[in-house]
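Some notes on the structure that comes next.
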Amino acid sequence: MNDAPTIRRRGLVAAGLSLPFIRSAAAQQASGEPYVMGTLFPMSGPNAEYGEAFTRGAQLALSHIAADNMLRRPIRLQAEDSQALPQPSVVGMNKLVNVDRAVWVLVSWTASSKAVAPIGDRAKVIMVNGGAVGPDLSGLSPYFWNVIALAHLEVPVLVDYLTRHRNVKRMALVYVDDPLGDAILGQLRTELPKAGGQLVGSFSVPRAAQQFGPVAARVRQTRPDAVYIASFGAQQSQIIKGLRDNGVTQILCSYSAFSIDSVRQLPEAVGALYTTQKLDFESGDPITRRFAADFRARYNQTPVAYHANYYNAAYLFGLLARQLEQANEEVNGESLRQAMLRTRTFDLVGGRGTFDDQGNLMTQMQVNEIKGAGRTEIVQG
Amino acid sequence: MIAYLSNLATQVAIFGILAATLNFILGYAGIFSIAHAVFFGLGAYAGAQIALLLVPDVVLACIVAAAIAGGLSLCLALPALRVRGEYFVAASLGLQMVAVTLFSELKPLTGGIGGLVGIPLPTLFGVPVGVLPVALAALALILLATALLARGSFGRTLTAIRDAESAAEALGKNVAAAKTLAVGFACAGAGVAGALYALHTSFVNVESFTMDYSVLMMAMVIIGGTGTLWGPLIGTVLLLSLPAALAFLPFLPATEVGAVQQIIIGLAMTLLMIFRPAGLVGDLSRGQTTA
Amino acid sequence: MLFLQLLINGLQTGAIYALTAAGFALIFGATRIFHFAHGTAFTLAGYAFLFAWRADWPGWAGVLVAVAAATLFGMAMERFVYRPIQRHEGSFFTVFVAAFGVGIVVQNLIGLLAGRGLATVDTSLSFGTEVLPEIFVAPILWIAIGTAAVLFAALTVFLTRSHAGVALRALAQNPDLIRTYGLSANGLSVLAFAIGSALAAPAAIITAMTSGLNEAIGHQVMLISIAATIVGGIGSLRGAALAGLMLGVAESLALQFVDTQWAEAVSFLVLFAFILFRPSGIFGVAAAR
């Protein structure tokens with residue numbers, strides 16, 4: 001914990017320095033105007049931690065695309081700050097689409113994604129989400145894709161693991177009442193009885209809430225074996241700490257939102273379980289190994305699901321655009337979509353993934369356990 | 001570039017309406033509301049529901065939005081009749097916080113935090129129309145109405161209430177009616193802005209109607225100059241175009257872009273207030289006498 | 001049993017609210033400046049303590065650093081932001097926007113320097129143990145209540161017995177009188193900001209240990225402080241502190257009766273109702289108009 005800030009700073013400086021490097025290196029290899037890839041992440045405000053993580057994943061993918069000479073033209077990364085809010089997102093998306101002429105925009109955050117989807121849809125720009133998992137993000141537009149498993153894939157895996165290996169019968173849910181929290185509530189209601197368990201209580205908390213002692217008291221009353229937390233950002237760490245400090249000793253679990261650093265570094269989070277798509281850095285898969293090794297070298301940090309997702313989201317552009325360049329087709333939103341629908345299956349970080357008709361990537365899931373000091377372990381692959 | 005600027009212009013027009021109407025109660029009647037985003041939200045939900053359930057007619061959406069926001073403005077008028085100054089600020093703050101909870105919980109009407117998606121593109125009597133011209137027309141109408149009302153006897157009553165409420169009452173002015181009307185007009189205007197916003201972005205959720213937005217509108221009015229006709233509009237242009245312009249700075253590393261922009265905006269707000277406390281077009285001498 | 005547990009949780013939160021609200025009320029009462037950046041002082045104090053803690057400084061040194069950070073920030077706000085503005089125009093909202101701008105700057109600077117996301121001071125003080133069946137109490141509860149009680153006692157003595165304290169109270173009622181007695185209104189104003197901001201520091205440290213810090217934490221603190229000051233009655237320090245305590249308890253006890261998502265709205269409904277039906281607050285004497 002003590003040296004976390006310095007590591008961060010160093011990582012940031014590295015990220016800043018390497019950006020011009022990507023550009024110049026790529027420019028030497030290829031001629032012509034660069035492709036513009038936009039990012040629309042929260043870069044300020046309470047959710048900026050996510051934006052920082054997302055950007056790192058995308059930056060690494062771009063340097064790999066350049067290093068491999070995948071494309072004839074270089075790629076320029078254009079970052080806009082969405083603040084995770086609809087209105088700034090609309091301004092940023094309009095700039096990316098109409099001024100920077102981006103063909104590929106990495107988006108995140110449910111409200112932000114929903115606000116920009118109509119703009120991208122009208123302009124036929126591919127938008128790829130790798131962070132938000134609300135089920136309402138499926139089918140927003142033919143040009144809106146998800147490279148992250150949406151919530152309905154995460155819950156059954158966890159319920160299965162908890163009931164079979166951890167002897168969990170009674171589960172309580174602490175959630176933010178948005179479409180994601182709602183979906184998880186619905187999933188727990190249907191999945192738990194199937195596995196012989198039951199949902200013994202659900203507690204919706206306002207997004208801005210900070211004190212969770214009283215909620216912990218209510219949670220304890222339901223006598224759960226495990227507590228599912230469906231929130232994100234700073235709040236989910238506060239919930240974990242609030243529950244642990246106030247006598248909730250049972251298993252804590254969640255979806256991929258637990259992947260961020262501030263949760264994995266939290267002492268109270270040790271032992272917490274969360275699902276992500278399959279991501280085994282020790283596996284034999286060369287793409288995953290290269291990603292993990294280069295990520296550690298560059299940012300002095302072990303990568304997590306979010307880094308991998310946005311790496312994949314950016315790398316996918318390289319794969320599709322290379323296909324189009326080789327066929328001498330123009331690279332635009334429509335041709336990229338056609339190329340995706342033709343190919344469907346891609347080798348990405350974490351293994352092979354297949355898109356469904358609506359542009360949702362289907363991957364296998366795994367259950368992770370937080371081991372403390374930023375380490376995690378795969379407990380079910 | 002043109003499409004980008006047109007989007008920015010639409011947002012300026014919409015927030016211009018909000019700033020102008022807020023200025024009407026703040027600058028002329030001395031009612032310090034930090035709940036303007038509530039009425040913006042009410043209008044947005046009303047407009048969105050009209051477009052989703054009936055027809056996406058922009059005029060109809062605006063009228064219904066204005067009626068609902070104007071009608072519910074009684075929630076704000078009530079404390080305004082009882083208390084002044086800091087007390088009213090706190091009352092409007094309470095209203096704002098409660099409204100955000102209600103917006104998040106009343107899912108059948110507002111879609112909750114998930115919001116309302118797929119709001120169809122606007123039409124005018126069956127013909128597709130852009131939001132920009134309608135928003136500009138609405139802004140012009142509201143500025144015209146503000147100018148007329150401010151100059152007429154109604155405006156004189158309001159400024160009398162602002163400067164010395166008991167004196168105005170003693171002179172036989174109907175303070176309660178004047179305040180209620182002023183709040184009603186301002187909130188109805190905010191409702192219109194909300195309907196236009198919903199049709200413009202095709203998506204609304206509670207995150208656009210939080211206290212932060214009320215404060216942003218407030219800042220637009222104060223930075224431009226309270227109690228002036230053009231001040232709020234100038235404040236709006238400044239506060240919306242500054243972040244947009246900062247996005248064009250090429251040298252910022254991607255992970256620091258947001259923080260640096262926000263720091264510049266925050267500094268600009270503070271420095272402007274220190275060096276131009278009456279706002280950009282405000283009259284310093286007038287400020288001194290009413291302080 | 002749930003009731004008792006919620007009451008205990010509420011008291012812990014309420015003590016923190018009481019401290020920040022009292023600081024805000026002191027500043028507002030003495031100077032009539034609606035110090036919107038009070039939450040920023042809170043945030044700075046919390047992070048100052050956090051840095052000291054991470055650097056393995058002893059606890060008392062961390063507390064000193066935190067108090068110093070809040071105090072210096074408050075004094076700097078008075079000297080460099082509020083005073084120049086008030087020289088031209090005392091407009092309520094000019095002060096508001098300026099303070100809001102400072103809040104944005106500090107929040108983002110902290111994000112740049114301290115890293116983003118939640119940061120906590122890891123200590124066993126915040127860890128609750130079962131003292132009665134189903135009742136969990138953490139040592140921090142006694143620290144919070146004790147700190148609040150000691151500081152209020154000290155503050156009361158200061159305001160009623162000491163020369164400067166009496167002058168501070170007089171400043172609120174009649175600045176001209178202060179001048180006749182040859183005291184500096186400016187100096188007293190700085191003093192009010194120094195003491196008021198310092199009061200936010202212990203609350204910030206306790207928060208860093210319990211619910212943790214993030215860049216935007218000052219926002220909610222500010223809202224509660226405003227609410228408590230109004231509910232308590234403007235100008236009444238005792239009222240603000242009591243109202244802060246009450247809001248904390250109400251927010252927690254509400255869970256006995258309503259679903260968790262309504263807890264926050266309860267505080268602000270209380271505020272709204274108070275303004276409509278008892279605008280002078282609990283201890284307020286002056287009518288609102």
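Lettering of chains follows the sequences in order, A, B, ..., and the numbering in each one begins at 1. All values derive from a computational prediction rather than experimental measurement.
Other residues, nucleotides and ligands place more than 12 heavy atoms under 6.0 Å from the CZ atom of A/Arg296. The local environment of CH2 in C/Trp262 is crowded, with over 12 non-hydrogen atoms from other residues, nucleotides or ligands closer than 6.0 Å.
Between atom CD of residue A/Gln210 and atom OG1 of residue C/Thr207 there is a gap of 9.0 Å, rounded to the nearest 0.5 Å. With rounding to the nearest 0.5 Å, the separation of CZ in A/Phe212 from OG1 in C/Thr260 is 9.5 Å. The structure places CD1 of C/Ile140 at 9.0 Å from CG of A/Asp245, a figure rounded to the nearest 0.5 Å. For the atom pair A/Asn246 CG and C/Ile135 CD1, the distance stands at 11.5 Å (nearest 0.5 Å). Here the CG atom belonging to C/Leu118 is positioned 10.0 Å from the CD atom belonging to A/Gln236, to the nearest 0.5 angstrom.
Per-residue heavy-atom pair counts under 4.5 Å with chain C were compared for A/Pro214, A/Gly247, A/Ala216, A/Ala217, and the maximum is reached by A/Pro214. Chain C forms more heavy-atom pairs under 4.5 Å with one residue of A/Gly51, A/Ser44, A/Ser237 than with any other, namely A/Ser237. Chain C forms more heavy-atom pairs under 4.5 Å with one residue of A/Ser204, A/Ala234, A/Gly213 than with any other, namely A/Ser204. Each of C/Asn108, C/Asp259, C/Thr210 has some count of heavy-atom pairs under 4.5 Å with chain A, and the biggest count is that of C/Thr210. Between chain A and the options C/Glu215, C/Gln107, C/Gln5, the largest number of non-hydrogen pairs under 4.5 Å is found for C/Gln5.
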- request: Applying side-chain contact (heavy atoms from CB on, under 4.5 Å), run through C/Phe136 and A/Arg220 and close with a yes or a no.
  value: CA-CA 11 Å; C/Phe136 284 75; A/Arg220 280 205 320 266; 3.2 Å; yes
task: Could you check C/Ser126 against A/Lys241 for side chain to side chain donor-acceptor pair (under 3.5 Å), going step by step and ending with a plain yes or no?
output: CA-CA 9 Å; C/Ser126 67; A/Lys241 193 166 184 324; 3.1 Å; yes
query: Going through the distances and angles, do C/Gln261 and A/Val176 end up as a side-chain contact (heavy atoms from CB on, under 4.5 Å)?
result: CA-CA 9 Å; C/Gln261 67 266 40; A/Val176 172; over 6 Å; no
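Heavy atoms of C/Leu255 lying under 4.5 Å from chain A belong to its backbone as well as its side chain. Neither the backbone nor the side chain of C/Glu130 comes within less than 4.5 Å of any heavy atom of chain A. With a 4.5 angstrom heavy-atom cutoff, C/Glu134 touches chain A via backbone and side-chain atoms both. For chain C, the nearby part of A/Arg244 is the backbone; its heavy atoms alone come within less than 4.5 Å.
No side-chain heavy atom of A/Gln211 sits less than 4.5 Å from a side-chain heavy atom of C/Gln12.
Between the side chains of A/Arg218 and C/Gln256, no donor N or O sits under 3.5 Å from an acceptor N or O.
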